[in-house]
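Please read the structure below before turning to the comments.
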Amino acid sequence: MDPQGKSVFLTGGAQGLGRGIVEKLLSLGAKVLFCDVDVERGKATESELQTQYGADVVFFHPADVSDDEQHKAAFGMAVSKFETVDICVNNAGILNESNWEKVMAINAGAVIRGSLLALEHMRRDRGGRGGVIINVASIAGLNVNPACPTYCASKHAVIGFTTSWAMSPGQKDHAVRWCCLCPDAMETSMLKVTDIHYPEMLEEYLKDNGVMSVSQVADAVMKLIQDPDNNGAILEVTLKKGARYRRRQVVDRDGVNDLVIMDTY
Ligand SMILES: NC(=O)C1=CN([C@@H]2O[C@H](COP(=O)(O)OP(=O)(O)OC[C@H]3O[C@@H](n4cnc5c(N)ncnc54)[C@H](O)[C@@H]3O)[C@@H](O)[C@H]2O)C=CC1
Ligand SMILES: CC/C=C\CC(=O)/C=C/C=C\C=C\C=C\[C@@H](O)[C@@H](O)C/C=C\CCC(=O)O
């Protein structure tokens, strides 16, 4: 899908990757409504982006996406501003191993709610125009990580949910494309988080694997949006290997043993 002239709803856009994605989309001619729980930063970001791109193409709406009503109201605001939402990016996320309920509510719960809101609005078999749902997971959703088991679980949930909807028998009728983004570490405020186990493990990991710029990852999101044939895609983005699709298949290897999930590049 070409972002030019399209309408976007994005969560967690006040800073970090969310803001980076908003900026790329605006530069490609999209209109964006983003929400965030950080009201001060959200307003400041809105003001800066309106100055750069125009007051009628980017809007901030305060919302905590772990709250059902606030999340629905923010999505509804995007629909009423733009009449339709073509692209939904469920990006808001936190890393906090001291509060597993909150991590699951934001990283998994709000991604599920946001996806279902977008599906209901977009699905062509119920009068919508189709669209794309991008769910932000992490490389942690593909691996194991003893430093942050809850975060890892929440990101595995995002990938399982998104790829399962992508394989829905109704997907062609819905005309909604489902994609997961799995970045490695990025230079955002999340890197300052201390509420993890064994911080030295992550420090070592970051030393070995490096830290990407937000811009590099936001470019990969544009690839996800623009490629029309990637329903079910899991796009892994790392500093060493760049953006690569992992394709997930359920495989019957020999007709005798259990089915297995296989990822191929
Ligand atoms: N920074 C990294 O190394 C990586 C981050 N990610 C994922 O990227 C996404 C964005 O994270 P970053 O930009 O790095 O973090 P960030 O902390 O810089 O930005 C996250 C934004 O989400 C907002 N937010 C948090 N909870 C919210 C809530 N309940 N409702 C609404 N907004 C909320 C924050 O206020 C903030 O503006 C997250 O899903 C994160 O898990 C994935 C891989 C690596
Ligand atoms: C497996 C990890 C890769 C990506 C997971 C992910 O989605 C997000 C991870 C985000 C933050 C990790 C923070 C870790 C922090 C601590 O270990 C710090 O002590 C790190 C220390 C310095 C950071 C150096 C830098 O900014 O380059």
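Residues take their numbers from the sequence shown, with the count starting at 1. Order of appearance sets the numbers: ligands from 1, and atoms from 1 within every ligand. What you are looking at is a predicted structure, and each value in this text was computed from that prediction instead of being measured.
From the protein, the heavy atom lying nearest to atom 33 (C) of ligand 1 is V37 CG1, 3.6 Å. Counting protein heavy atoms only, atom 26 (N) of ligand 1 is closest to I94 CG2, 3.8 Å. Among protein heavy atoms, atom 11 (O) of ligand 1 sits closest to M190 CE, 4.0 Å. In terms of protein heavy-atom proximity, atom 2 (C) of ligand 1 is closest to M186 N, 3.5 Å. Protein heavy atom at the shortest distance from atom 39 (O) of ligand 1 is N91 O, 2.7 Å. The nearest heavy-atom contact from the protein to atom 37 (O) of ligand 1 is D36 OD2, 2.6 Å. Taking atom 8 (O) of ligand 1 as the reference point, the nearest protein heavy-atom neighbour is V136 CG1, 3.5 Å. Atom 18 (O) of ligand 1 has as its closest protein heavy atom S189 OG, 3.1 Å.
Close to ligand 1: D184, with a non-hydrogen atom less than 4.0 angstrom away. Note on ligand 1: E187 sits outside its first shell, no heavy atom being nearer than 4.0 Å. Distances from ligand 1 to the non-hydrogen atoms of G42 include no value under 4.0 Å. The shell of residues lying under 4.0 angstrom from ligand 1, judged by heavy atoms, excludes T11.
Residue contact check: D38 has heavy atoms under 4.0 Å from atoms 35 (O) of ligand 1. Near A63, meaning under 4.0 Å from any of its heavy atoms, are these atoms of ligand 1: 30 (N), 31 (C). For ligand 1, the atoms lying closer than 4.0 Å to a non-hydrogen atom of L17 are 8 (O), 13 (O). Annotation for ligand 1: atoms under 4.0 Å from non-hydrogen atoms of D64 are 28 (C), 29 (N), 30 (N). The G93 neighbourhood of ligand 1 comprises atoms 38 (C), 39 (O), with distances under 4.0 Å to a heavy atom of that residue. Near A137, meaning under 4.0 Å from one of its heavy atoms, ligand 1 places the atoms 7 (C), 42 (C).
Look at E48 and R19 and you find a salt bridge, because one of the NZ, NE, NH1 or NH2 atoms lies within 4.0 Å of a carboxylate O, short of that distance. Under a 4.0 Å N-O distance rule, the pair K72/D68 qualifies as a salt bridge. Residues D86 and R129 are paired through a salt bridge, judged by an N-O separation under 4.0 Å between the basic side chain and the carboxylate. Residues R124 and D173 are not paired through a salt bridge, judged by the lack of any N-O separation under 4.0 Å between the basic side chain and the carboxylate. Using a 4.0 Å cut-off between a side-chain N of Lys or Arg and a carboxylate O of Asp or Glu, K207 and E203 do not qualify as a salt bridge.
Taking any N or O of A185, backbone or side chain, none lies under 3.5 Å from an N or O belonging to ligand 1. The N/O atoms of K155, backbone and side chain alike, include one that comes under 3.5 Å of an N/O atom in ligand 1.
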| request: Apply side-chain contact (heavy atoms from CB on, under 4.5 Å) to the pair I225 and L25, showing each step before the final yes or no. | output: CA-CA 10 Å; I225 292 169; L25 285 165; 3.8 Å; yes
| field | Steps toward side-chain contact (heavy atoms from CB on, under 4.5 Å) verdict (N231, W178) | value | CA-CA 5 Å; N231 178 50; W178 295 82; 3.8 Å; yes
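Cluster annotation: L224 and I234 are assigned to distinct hydrophobic clusters (Ile/Leu/Val/Met/Phe/Trp/Tyr, side-chain heavy-atom contacts under 4.5 Å, transitive). In the hydrophobic cluster analysis, where Ile, Leu, Val, Met, Phe, Trp and Tyr join through side-chain heavy atoms closer than 4.5 angstrom, V65 is grouped apart from V111.
Between the side chain of E236 and the backbone N or O of A243, no donor-acceptor pair lies under 3.5 Å.
Contact annotation: for A140 versus ligand 1, there are no heavy atoms closer than 4.0 Å. Residue contacts with ligand 1 for C182 are absent, since no atom lies close enough (heavy atoms, distance under 4.0 Å). Heavy atoms of I106 found under 4.0 angstrom from ligand 1 belong exclusively to the side chain.
Side-chain contact between I133 and W165 is absent, with no heavy atoms from C-beta onward closer than 4.5 Å. Contact of the R247 side chain with the D263 side chain is not registered, since no non-hydrogen atoms from C-beta on lie closer than 4.5 Å. At least one side-chain heavy atom of N90 sits under 4.5 Å from a side-chain heavy atom of S115. Contact of the F82 side chain with the L33 side chain is registered, since non-hydrogen atoms from C-beta on lie closer than 4.5 Å. Side-chain atoms of V221 and K24, non-hydrogen and from C-beta on, never get closer than 4.5 Å to each other. A heavy-atom distance below 4.5 Å is not found between the side chains of I261 and Q249.
The closest side-chain donor-acceptor pair between S154 and N107 falls under 3.5 angstrom.
Not counting sequence neighbours, the partners of F60 by the ring-ring contact (aromatic ring centres under 6.0 Å, His included) test are F34.
Summarising the contacts of atom 43 (C) of ligand 1 with A74, A105, P183, the nearest heavy atom is found in P183.
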Give one line per pair: atom of ligand 2, protein atom, distance. Only N/O to N/O under 3.5 Å.
unit_1	atom_1	unit_2	atom_2	d
ligand 2	7 (O)	S138	OG	2.7
ligand 2	7 (O)	Y151	OH	2.5
ligand 2	17 (O)	P199	O	3.1
ligand 2	19 (O)	E203	OE2	3.0

